[in-house]
Amino acid sequence: MHQTAGRGDAIKHVFMWPAFLIVLVVTLFPLIYALVVSFQAIRIVPPLPPRFVGVENYADILSSARFWGSMWTTSVIVFVSVALQFVIGFALALALHHNVPGANLYRVTFLLPMFLAPVCVALIARMIFHPYLGPVNDAMSGMGFGNIPFLTEPNLAVAVLITVEVWQWTPFVTLLMLAGLQSLPDEVFEAAKVDNIPAWRRFRDITFPMLLPLSVAVIFIRLIEGFKVIDTVFVLTGGGPGTATETLTLFAYNEGFKKFNLGYTSALSFTFLIIVIIVGTAYLAAAQRVMRRYA
Amino acid sequence: MAHVELSQLTKAFGAVTVIPPLDLDIEAGEFLVLVGPSGCGKTTTLRMLAGLETASSGTISIAGQDVTDTRPGERDCAMVFQNYALYPHMSVRDNIGYAMRVHGAAPAEIEARVGEAAELLGLTPYLDRKPKNLSGGQRQRVAIGRALVRQPQVFLFDEPLSNLDAKLRVEMRTEIKLLQRRLGTTTVYVTHDQVEAMTMADRVVVMHAGRIEQAADPITLYERPANRFVANFIGSPAMNFLSARIEGGAVHVGGQRLPLDPADAARLGDRTSVAFGIRPEHMRQAEAEAALSFTPEVVEPLGAHTLLLGHVGEEKVVAQVDPRFPAAPGEPCTVPVDMTQAHFFDPETDIRL
Ligand SMILES: Nc1ncnc2c1ncn2[C@@H]1O[C@H](COP(=O)(O)OP(=O)(O)OP(=O)(O)O)[C@@H](O)[C@H]1O
Ligand SMILES: [Mg+2]
């Protein structure tokens, strides 16, 4: 069998090449094209002919304070919001799993934020946190705090962005962690109960380690997704005040669609890709370490 | 006073009553086996004892204390589950010592007790392995070890051997029994295997649809089953039941006359209808002998003895005879019947007469 279907068989090319060409055209060509562009100076408005500039774009990026600022903003938003999403999401999943009173009501509604488009969520948040019209500030002034400039003070604006991210994406974590909890074998926990292991030790020593691989995956997905955040920021603060809340993607968008500086934008995209790869790899390596302790 | 007392204990899942009121006293140090067909409520009873299932009504007390509403952890029971329920991410050592560690035992003591249990169960070479790298029998022993080191008041076993192969099951059966003897811990053991029940138990509780049919030592259960269900359930191959009539000191069955043991004859008197029970292995030569003729349809030689399967009247009958007994399929034969081992049951109530 193996021998007859071997080398000289021309039909294999008929099966192989279409797939290969599709992959080439659909994924690799745009990537390579973007990579080439990132080494050029291209402007659409006003139009300039493409000119090869080597790594100049990259050098510009690395020496730009605005880049490092957006990097910092993105990191703060991503790491803080993912941490909160995981902790709150896991806690909610546990509550749902153990049928805490009121769980049923929440079970129906908890997925809703996830289904909303981020733009809508951001618009709603913008109303809620509006300095004069928003209910949050109404309540704050009611309690005698005066008006708080939620969207125009840099730290507060970042905090609001984190809040919105957490509000929208915690359900995702809850959903996956709940599925994970429900797949754990009951008997193991019953054995622990009979052995008089207190609830928090059951969580720390049994539930958590058994869900560790899932947790690692969920956090990974949220990290990678989090780095791409743009719509929420665009609608809520537009990156302002100044560039205080500008994230990496928003920065790239501004360069590309406001300045039409395509070479620079391509280079920025690649820098972004490299950052995500580095963060992802570092995270997975660290997670592997922790998991090896348990697995 | 008994060590463990269940009184008027019931359990209903929604509208379905699984355990009607149940009373059971278990003596300190006793090895009690709950046995019965699948779905008769053995596991449910055991789980109520452990506190994993709340009783619908009635009370449970352990060592004189009412534990009906006590959390599972505070009942000082240790349970071995059918599918082991080991902590998959912990080594054998950690699995066994985990509860002690959580309860703040000194590391040296944990080490000592774990070592001792491992030694006892032949687990010493595997202490650093994870459960997934162990065989079924080894996992089962880890689960037993985990229960052992806690030195609980009561051991609870839920069909701990049902996932093992036949040979290992026989070995583990003996090991568990010896271990329990040595430790003298009160034990409740659930199984649906009557051989396991008979060989291990000090006392066997035969359950059927949540009810206790009979609670007695294995020999009593075998020799004096309280009713037809127990008679049928205990013993392999199962007892033969033939509808019969008692007249003039003899059993009349399918037109044949089997003279009764005089004591039985005096006790039973004449009856128009009884269920006459005789175990296949009691179709043998004896002092109070009778004979039963039938035509075997199948002859099954098992080596140590041979089974003859046939019908007397409309009813099936199995006889266990000597391998050299002259019998062939389709040829009428006559087997001796030891009438001292005959059982009689009321055909209406199924209760032993
Ligand atoms: N959580 C539950 N909800 C509803 N019915 C249940 C539940 N648990 C058990 N039952 C029912 O209770 C009865 C007794 O179940 P139980 O598990 O005690 O049987 P068992 O004697 O252990 O049987 P087996 O030998 O098959 O393990 C069964 O009819 C079962 O369907
Ligand atoms: Mg069961």
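Letters go in sequence order (proteins before strands), and every chain restarts at 1. All heavy atoms count here, side chains included; hydrogens, waters and symmetry mates do not.
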With sequence neighbours excluded, tell me which residues meet side chain to side chain contact (heavy atoms under 4.5 Å, CB included) with B:E116.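 Residues passing side chain to side chain contact (heavy atoms under 4.5 Å, CB included) with B:E116: none at all.
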For [X] against [Y], the heavy-atom pair lying closest together:
| X | Y | answer |
| --- | --- | --- |
| A:P198 | B:V102 | CD-CG1, 3.6 Å |
| B:R150 | A:D195 | NH1-OD1, 2.6 Å |
| B:A50 | A:V194 | CB-CG2, 4.3 Å |
| A:R201 | B:Y98 | O-OH, 3.4 Å |

If you tally heavy-atom pairs under 4.5 Å against chain A, which of B:R146, B:R71, B:H103 wins?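 Among B:R146, B:R71, B:H103, the one with the most close pairs to chain A is B:H103.
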More than 12 heavy atoms of other residues, nucleotides or ligands under 6.0 Å from [atom1] of [X]: yes or no?
| X | atom1 | answer |
| --- | --- | --- |
| B:E27 | CD | yes |
| B:F13 | CZ | yes |
| B:E74 | CD | yes |

Side chain, backbone, both or neither: which part of [X] has a non-hydrogen atom closer than 4.5 Å to chain A?
| X | answer |
| --- | --- |
| B:L156 | neither |
| B:R47 | side chain |
| B:N83 | side chain |

Report the residue from B:Y87, B:Y84, B:F81 that forms a side chain to side chain contact (heavy atoms under 4.5 Å, CB included) with A:V188.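 In the set B:Y87, B:Y84, B:F81, the residue that makes a side chain to side chain contact (heavy atoms under 4.5 Å, CB included) with A:V188 is B:Y87.
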Atom pair CE (A:M291) and NE2 (B:H89), whose distance is rounded to the nearest 0.5 Å: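 Reported value, rounded in 0.5 Å steps: 14.0 Å.
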Between atom CD of A:E187 and atom CE of B:M79, what is the distance when rounded to the nearest 0.5 Å?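 Atom-to-atom, A:E187:CD and B:M79:CE are 9.5 Å apart.
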Non-hydrogen contacts under 4.5 angstrom with chain B: give the residues of residues 207-217 of chain A involved, or none if there are none.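 Listed by number: A:P209, A:M210.
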Would you list the atom pairs, donor with acceptor, under 3.5 Å between side chains in residues 78-87 of chain A and any protein atom, with sequence neighbours excluded?
| residue | atom | partner | partner atom | Å |
| --- | --- | --- | --- | --- |
| A:S81 | OG | A:I77 | O | 2.8 |
| A:S81 | OG | A:V78 | O | 3.4 |
| A:Q85 | OE1 | A:R222 | NE | 3.0 |

Report which part of A:D205 has an atom under 4.5 Å of a heavy atom belonging to chain B: side chain, backbone, both, or neither.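 When you check distances to chain B, atoms from both the backbone and side chain of A:D205 fall under 4.5 Å.
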For B:D202, all residues meeting salt bridge (charged side-chain N to carboxylate O under 4.0 Å, His left out), sequence neighbours excluded: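 Per chain and number, B:D202 pairs via salt bridge (charged side-chain N to carboxylate O under 4.0 Å, His left out) with B:K177.
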